[in-house]
Q: 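Before anything else, here's the structure in question.
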Protein chains: 2
Amino acid sequence: MEKRQKIILKEAIANYIQSAEPVGSKLLVEKLNFSVSSATVRNELKTLETLGFLKQVYTSSGRIPTDEGYRWYVDFLEESDTLSPVSAVNTQLEIIAVQKVKTTLNHVAKVMSSLMDYTAIVLTPDIYKMALKVVHMVLLDLNKVLVVLLNNLGDNQEFVFNLRQRMSQDELNKVSQIITAKMEGMPFFESSDLVLRHLVNEFPNYASVFEVLNQEVERLSSFHETRESINVHGVSKMIQLPEFKNVEMTKNVLTELEENRFLTELISSHICREDGRVVIGKEFNNEKLEECSLVISPVKSRGVQAGAIGVLGPKRMKYSYVIPLVKQISDQVQHYISDRDDG
Amino acid sequence: MEKRQKIILKEAIANYIQSAEPVGSKLLVEKLNFSVSSATVRNELKTLETLGFLKQVYTSSGRIPTDEGYRWYVDFLEESDTLSPVSAVNTQLEIIAVQKVKTTLNHVAKVMSSLMDYTAIVLTPDIYKMALKVVHMVLLDLNKVLVVLLNNLGDNQEFVFNLRQRMSQDELNKVSQIITAKMEGMPFFESSDLVLRHLVNEFPNYASVFEVLNQEVERLSSFHETRESINVHGVSKMIQLPEFKNVEMTKNVLTELEENRFLTELISSHICREDGRVVIGKEFNNEKLEECSLVISPVKSRGVQAGAIGVLGPKRMKYSYVIPLVKQISDQVQHYISDRDDG
DNA sequence: TATTAGCACTCTACAACGAACAGTGCTAAT
DNA sequence: ATTAGCACTGTTCGTTGTAGAGTGCTAATA
């Protein structure tokens, strides 16, 4: 591809992203102050169309980018270092360091969605997969016990259950120690059934606690899908964009955002690899999201995947703004989350 | 209003609710197996129109209900005991009693939204307003402290903060006792600033803890709006209804659902009074929601307002199904939530 | 050989028009 | 009080026509 073609393609896509209107040769010669006529540009556009980067909505309409065109544009952006600066986001990001990871991520997503017209997405960590560091059990009431699970993210989950028989805090401490010793480094919610059953036999004194605890954990596990799900912010702004005039499409996208099984898995799988942080149109392999693009960035804590934040918008997304924004914010969140263990 | 008029009005509204099409005299004589002609029904319809219960979309179209018509219909439904039975909901509502109130309410809303094509709304309790029952502080790590606040709902909130200096669990217990003694019955998050400042002077030994704690509580308070907000489930199904063909209107409703300041206040104010659990169209006093109706029911725990669940849908809502459903579910949730203290 | 001007051509968007139709209001008869 | 009949009204939907944007091609030009 020649240099002039690249310039034209870039300008064409950038223009379409801004206007949502098919771009024609005339407009392009105006925008680029080229010393060529519209006819020349037309020829180049035709070449770019045969190359598969642009397409016409109908015979002799202006051109709009194909998915491949967007892909080229995005890769081009990432290559060049001339990313538009994302300034003064920090002031809005006064993240409360002691907040839990989940809350923090959601807060950040809310802030992020306020910075643009797209939907911010957070994938909160799957707590059922996180490795246990230590268990604390606290007697709250006569028979009410608070279980605190510290995990390898430096984060913690809690839940409450009711004892069948009275126990002292000392006894609970012992039980906590036993569980911690057995399960450190293991995913608590996933392994607890096996381990707790075993402990019932091993420590008949505390059999009752282990049994009840196991019961409650099992019950909690039925909430699994709830806890693993993604959260979204800023849908209302997004659906005001012209591409969402089409009700059918809007419906499709909202359905995926709400059911979120597909997106959850997609994000989970995508953030593992370093490349491909942008998903465009057909790359979703999902008809309902074919008109959308997704920019996603993982958030790690202590080297462990702690979730992800991202942006879902129309394919005609302001990539040059969103990509660095998401990157910067995720870096910052990561920084904050990691910090909170020392402070 | 005569008996026949009532029957016609009820049937007309019920029909419109089902079909979303203006109902004409011909259809009504078919539906009701009256021994009268369509002309007679037409006359009655005209009367009902002058009474303000029905209106025409245009000259000589069929009739659709006015807001007043819906209001009459709803009040009529509540009066008569012939509410359609809501069956077999229980099986879907295996509420985990030990879950926190907030999680429970959200879970229930999710289930509820699966039972219909409208949006389920939960108003979770404003934890900043809840009265404190007892404070527990647990040393998690060397300098990490978990604070557990039990409140008057039988529910609890937790947060973690970092100590500036090392403290033993015994010391923390003492601090917890001091705070509990001072603040029992008070809204913790609202009053803590004043009280903690005072405690800094009163117990110079622990001044540092009180100071740090106060700092953290203050920080947490900036999340206030986040915590008070409503949650919604099932938007995607709702926007597939014919009334949401209009993009402008869909946008408006989604905006209100997302910004949710208005709805939060509306629900808060409405659930205080025993009457008026149904809000119809203009009764919202909000243009954006003029095409919607809301059925809402409070959820109490220990006699204290613990939140609310409700349903937002088009004015053409299946009131005869939704009203008893919401009522039944909220009763049940209330039951579960209250139970969990004894079990 | 690369570029350009010019022109015919294609397709859309949009408004205007008309027919089909559903449902009414009115009147006169029962 | 009810009804049959009919004229009337306004919607909906498909058609048609026009204006306009933008292209592709060709022949001329540097």
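Note that the structure is predicted; figures quoted are calculated from it, not measured. Protein chains get the first letters and strands the later ones, always in sequence-line order, with residue 1 at the start of each.
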Q: Quick one: does Leu289(B)'s side chain get under 4.5 Å of Leu266(B)'s, heavy atoms only?
A: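 No, too far: nothing below the 4.5 Å cut-off.
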Q: Provide, to the nearest angstrom, the distance between the CD atom belonging to Glu2(A) and the C1' atom belonging to dT3(C).
A: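 My rounded result for the distance is 13 Å.
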Q: Using side-chain heavy atoms (C-beta onward) and a distance below 4.5 Å, is Asn106(B) in contact with His233(B)?
A: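 Yes. Closest side-chain heavy atoms under 4.5 Å.
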Q: Sugar-phosphate atoms are those with a prime plus P, OP1 and OP2; base atoms are the rest. Using that split, label each nucleotide of nucleotides 17-30 of chain C B, S or - for protein heavy atoms under 4.0 Å, 5' to 3'.
A: ------BBBS----
Q: Just the rounded figure in Å: distance from C1' of dC11(C) to NZ of Lys55(A).
A: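 Whole-Å distance recorded here is 17 Å.
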Q: Evaluate whether atom CD of Glu30(A) has more than 12 neighbouring non-hydrogen atoms of other residues, nucleotides or ligands under 6.0 angstrom away.
A: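 Atom CD in Glu30(A) is crowded, with more than 12 foreign heavy atoms closer than 6.0 Å.
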Q: I'd like to know if Lys327(B) and Asp331(B) make a salt bridge, using a cut-off of under 4.0 Å between side-chain N and carboxylate O.
A: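 Looking at Lys327(B) and Asp331(B), the cut-off is met.
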Q: Is the shortest heavy-atom distance from the side chain of Leu45(B) to the side chain of Leu28(B) under 4.5 Å?
A: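 Touching, per the 4.5 Å side-chain cut-off.
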Q: When the distance from CD of Glu44(A) to C1' of dT1(C) is rounded to whole Å, what number comes out?
A: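 It is 14 Å, rounded to the nearest whole Å.
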Q: Distance check: side-chain N/O of Thr40(B) vs OP1/OP2 of dT3(D), anything under 4.0 Å?
A: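 Checking dT3(D) against Thr40(B), a side-chain N or O does come within under 4.0 Å of OP1 or OP2.
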Q: Can a donor-acceptor pair be found between the side chains of Glu11(B) and Asn15(B) at a distance below 3.5 Å?
A: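 A pair is found: one side chain offers a donor N or O, the other an acceptor, under 3.5 Å apart.
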Q: In whole angstroms, how far is the C1' atom of dT23(D) from the CG atom of Leu48(A)?
A: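 Result: 15 Å.
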Q: Report yes if the side chains of Lys318(A) and Tyr118(A) come closer than 4.5 Å at any heavy-atom pair, otherwise no.
A: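 Lys318(A) reaches Tyr118(A) side chain to side chain.
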Q: Suppose we screen for salt bridge (Lys or Arg N to Asp or Glu O under 4.0 Å). Which residues come up paired with Asp117(B), at least two apart in sequence or across chains?
A: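 Salt bridge (Lys or Arg N to Asp or Glu O under 4.0 Å) check on Asp117(B) returns nothing, list empty.
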Q: So what does Val57(A) hit on the nucleic acid, given a heavy-atom distance under 4.0 Å: a base, only sugar-phosphate, or nothing?
A: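 No contact.
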Q: What's the angle between the local helix axes at either end of the helix from dT1(C)-dA30(D) to dT30(C)-dA1(D), using five pairs per end and rounding to 10 degrees?
A: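 Taking the rotation axis at each end, their angle is 20°.
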